[in-house]
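Residue numbers start at 1 and run along the sequence shown.
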Amino acid sequence: MRATPAMRRLVSETRLHPADLILPVFVREGAGDPVPISSMPGVVQHTTDTLKRAVTDAATAGIGGIMLFGVPERKDAIGSGATDPDGILNVATRIAVAEAGDALVVQTDLCLDEFTDHGHCGVLDGNGYVDNDATLERYRDMGVAQAESGSQLLGLSGMMDGQVTAVRDALDASGYGNTPILGYAAKYASAFYGPFREAVQSSLEGDRRTYQLDPANRREGAREIELDVAEGADVVMVKPAMSYLDVLADAAASSPIPVWAYQVSGEYAMIEAAAAHGWIDRRRAIEESVVGIRRAGADAVLTYWAVELAGWIR
């Protein structure tokens, strides 16, 4: 049953399709040209003009969607740019939606970390800790602002308690009851986010271990997924992907809604770096890594290789 490529293809248990892939896209305010991200070879911070080409390429490749991240010029303690209609993420959303039409799902990251001068995912209290409830109020406003800009799915990545309920209530009250929510339910405090911090020019002070999950905890991930489902999430996320395949498999086995996984910046950077040194076969490693995530149960995968991989498997 393994003798020929055709036979192996015939009996394959896991298949990749372009529609299963979502491309994370960074858009930088004020940029005149795309800005390469040194720790993520091949990935750039787009201008609002080059974003249009990125959306067109994604649509042509047949991938399922794009996830937008904004890189603002100015930051403050409460992340005001996140709710400004003229903030970079909301501007980029309108551009991407107009360019994409019905060809793919334009999604937006709903988190304050790109917009705060301290780099945390929420508002800080007087002691320097994230104030969960004050942050939820910002998320409510951010969710409505993104929906007004045309976002077709909100990716709640901040890991605040009650974030799905808060944003769902705000959307419903503002007439956006049909806007779906992706809950980053099992998001771990991982070392593999390093290159992403460069990609969004993070101002992070300290770390996020008080609100992201402990990498040692598997059952806690399952509990967080159950909570997001109960709060009304339409999709749940496991992040990162490759070091948390057990958590992903648990979620896929129990969740009544779609389960996605994010192949994060550090996972991308490791494969690119090893391939650049000739230590691994780049294409095979990329394909195998994404197949492994799908095999573990992900219904869709956010990956920086989405467009390139789609071209290989079409």
- Task: Over all heavy atoms of both residues, which pair between Ile63 and Ala306 is shortest? Give the atoms and the distance, please.
- Result: CG2-O, 3.7 Å
- Message: Minimum heavy-atom separation for Pro215 and Tyr188, please, with both atom names.
- Response: CA-CD2, 3.6 Å
- Task: Decide yes or no for His46 and Lys52: does some side-chain heavy atom of the first lie under 4.5 Å from some side-chain heavy atom of the second?
- Result: no
- Message: With a 4.5 Å cut-off on side-chain heavy atoms, are Val130 and Met160 touching?
- Response: yes
- Task: Before giving the answer on side-chain contact (heavy atoms from CB on, under 4.5 Å), spell out for Thr48 and Val27 the whole-Å C-alpha distance, their side-chain angles and the decisive distance to 0.1 Å.
- Result: CA-CA 7 Å; Thr48 52; Val27 187; 4.3 Å; yes
- Item | Sole candidate of Trp305, Phe196, Tyr193 that passes ring pair (Phe, Tyr, Trp, His ring centres under 6.0 Å) when paired with Tyr268 | Trp305
- Query: Taking the side chain as C-beta and beyond, is there a heavy-atom pair between Leu171 and Ile181 under 4.5 Å?
  - Reply: yes
- Item | Student check: side-chain heavy atoms of Arg28 and Ile88 closer than 4.5 Å | no
- Item | Option among His118, Lys75, Glu114 that satisfies the side-chain hydrogen bond (donor to acceptor under 3.5 Å, both in side chains) test with Ser203 | Lys75
- Message: Quick check on Arg209: does its CZ atom have over 12 non-hydrogen neighbours (other residues, nucleotides or ligands) under 6.0 Å away?
- Response: no
- Query: Any side-chain heavy atom of Leu156 within less than 4.5 Å of one from Asp228?
  - Reply: no
- Any sub-3.5 Å donor-acceptor pair from Gln45's side-chain atoms to Ala199's backbone N or O? yes
- Task: Sequence neighbours left out, what passes side chain to side chain donor-acceptor pair (under 3.5 Å) with Trp260? Give chain and number order.
- Result: none
- Query: About how many Å separate CG of Leu182 and CG of Leu153, when rounded to the nearest 0.5 Å?
  - Reply: 5.5 Å
- Message: Pair Glu137, Asp133 - check side-chain contact (heavy atoms from CB on, under 4.5 Å), show working.
- Response: CA-CA 7 Å; Glu137 293 305 313; Asp133 292 348; over 6 Å; no
- From Ile225 atom CD1 to Met237 atom CE, the distance as rounded to the nearest 0.5 Å: 11.0 Å
- Item | Derivation and outcome, side-chain contact (heavy atoms from CB on, under 4.5 Å), residues Glu267 and Ser289 | CA-CA 9 Å; Glu267 299 169 62; Ser289 68; over 6 Å; no
- Task: Determine, using the 4.5 Å side-chain heavy-atom cutoff (strictly less than), whether Tyr211 and Tyr262 are members of one ILVMFWY cluster.
- Result: yes
- Task: Answer yes or no: does atom CD of Glu288 have more than 12 heavy-atom neighbours from other residues, nucleotides or ligands under 6.0 Å?
- Result: no
- Query: Do the side chain of Asp76 and the main chain of Ile78 share a donor and acceptor less than 3.5 angstrom apart?
  - Reply: yes
- Would you say Asn178 has more than 12 foreign heavy atoms packed within less than 6.0 Å of its CG? no
- Would you call Gln152 and Thr179 a side-chain contact if the rule is heavy atoms closer than 4.5 Å? no
- Item | Nearest atoms (heavy-atom pairs only) where Ala261 meets Ala298 | CB-CB, 4.0 Å
- Note on the structure: Shortest non-hydrogen pair, Pro195 vs Ser265, comes out as CD-OG, 3.5 Å
- Are side-chain heavy atoms of Cys111 and Phe69 found at a separation under 4.5 Å? no
- Looking only at heavy atoms, the pair that brings Pro85 and Asn90 closest together is O-CB, 3.6 Å
- Task: Would you confirm whether Glu224, through its side chain, and Ala186, through its main-chain N or O, come within 3.5 Å as a donor-acceptor pair?
- Result: no
- Item | Stepwise side-chain contact (heavy atoms from CB on, under 4.5 Å) test for Val264 and Ser190 | CA-CA 10 Å; Val264 300; Ser190 172; 5.5 Å; no
- Query: Does Glu287 pair with Arg284 as a salt bridge, N-O distance under 4.0 Å?
  - Reply: no
- Query: To the nearest 0.5 Å, how far apart are CD1 in Ile66 and OG1 in Thr93?
  - Reply: 8.5 Å
- Note on the structure: One should read off an interatomic distance between Asp109 CG and Gln107 CD, to the nearest 0.5 angstrom, of 10.5 Å
- Are Phe26 and Val97 grouped together when hydrophobic residues (ILVMFWY) are joined by side-chain heavy atoms under 4.5 angstrom apart? yes
- Message: Taking CZ in Arg15 as the centre, count heavy atoms belonging to other residues, nucleotides or ligands within less than 6.0 Å. Is the count above 12?
- Response: yes
- How close do Ser255 and Val229 get, heavy atom to heavy atom, and via which atoms? OG-CG2, 4.2 Å
- Query: If Ile, Leu, Val, Met, Phe, Trp and Tyr residues are connected whenever their side-chain heavy atoms lie under 4.5 Å apart, and connections chain through other members, are Met270 and Val301 in the same group?
  - Reply: yes
- Task: Using atom types as modelled and distance alone, determine if a side-chain donor or acceptor of Arg218 lies under 3.5 Å from a backbone N or O of Val247.
- Result: no
- Note on the structure: Checking Leu302, Leu21, Val290, Ile286 against Gln263 for side chain to side chain contact (heavy atoms under 4.5 Å, CB included), the one that qualifies is Val290
- Would you mind checking if Asp234 and Arg168 are paired as a salt bridge, meaning a charged N to carboxylate O distance below 4.0 Å? yes
- Task: Output the distance between atom CD1 (Ile37) and atom OH (Tyr304), rounded to the nearest 0.5 Å.
- Result: 7.5 Å
- Task: Calculate, to the nearest 0.5 Å, the distance between atoms CG and CD1 belonging to Leu245 and Ile293 respectively.
- Result: 6.5 Å
- Stepwise side-chain hydrogen bond (donor to acceptor under 3.5 Å, both in side chains) test for Glu198 and Ser38: CA-CA 8 Å; Glu198 177 191 355; Ser38 63; 2.9 Å; yes
- Take atom CZ in Phe192; do more than 12 heavy atoms of anything else shown fall under 6.0 Å from it? no
- Item | Side chains of Gln163 and Leu136 in contact at under 4.5 Å (non-hydrogen atoms) | yes
- Message: Show every salt bridge (charged side-chain N to carboxylate O under 4.0 Å, His left out) that has at least one partner inside residues 53-72, sequence neighbours left out.
- Response: Arg53-Asp57
- Query: Do Tyr176 and Val235 sit in the same hydrophobic cluster, where Ile, Leu, Val, Met, Phe, Trp and Tyr count as joined when their side-chain heavy atoms come under 4.5 Å apart?
  - Reply: yes
- Give a yes or no on whether Tyr129 and Met159 share a hydrophobic cluster (residues Ile, Leu, Val, Met, Phe, Trp, Tyr; joining criterion: side-chain heavy atoms under 4.5 Å apart). no
- Message: Ignoring hydrogens and geometry beyond distance, is a side-chain donor-acceptor pair present between Thr108 and Ser151 at under 3.5 Å?
- Response: yes
- Item | Exam field: side chain Thr50 to backbone Thr47, donor-acceptor pair closer than 3.5 Å | yes
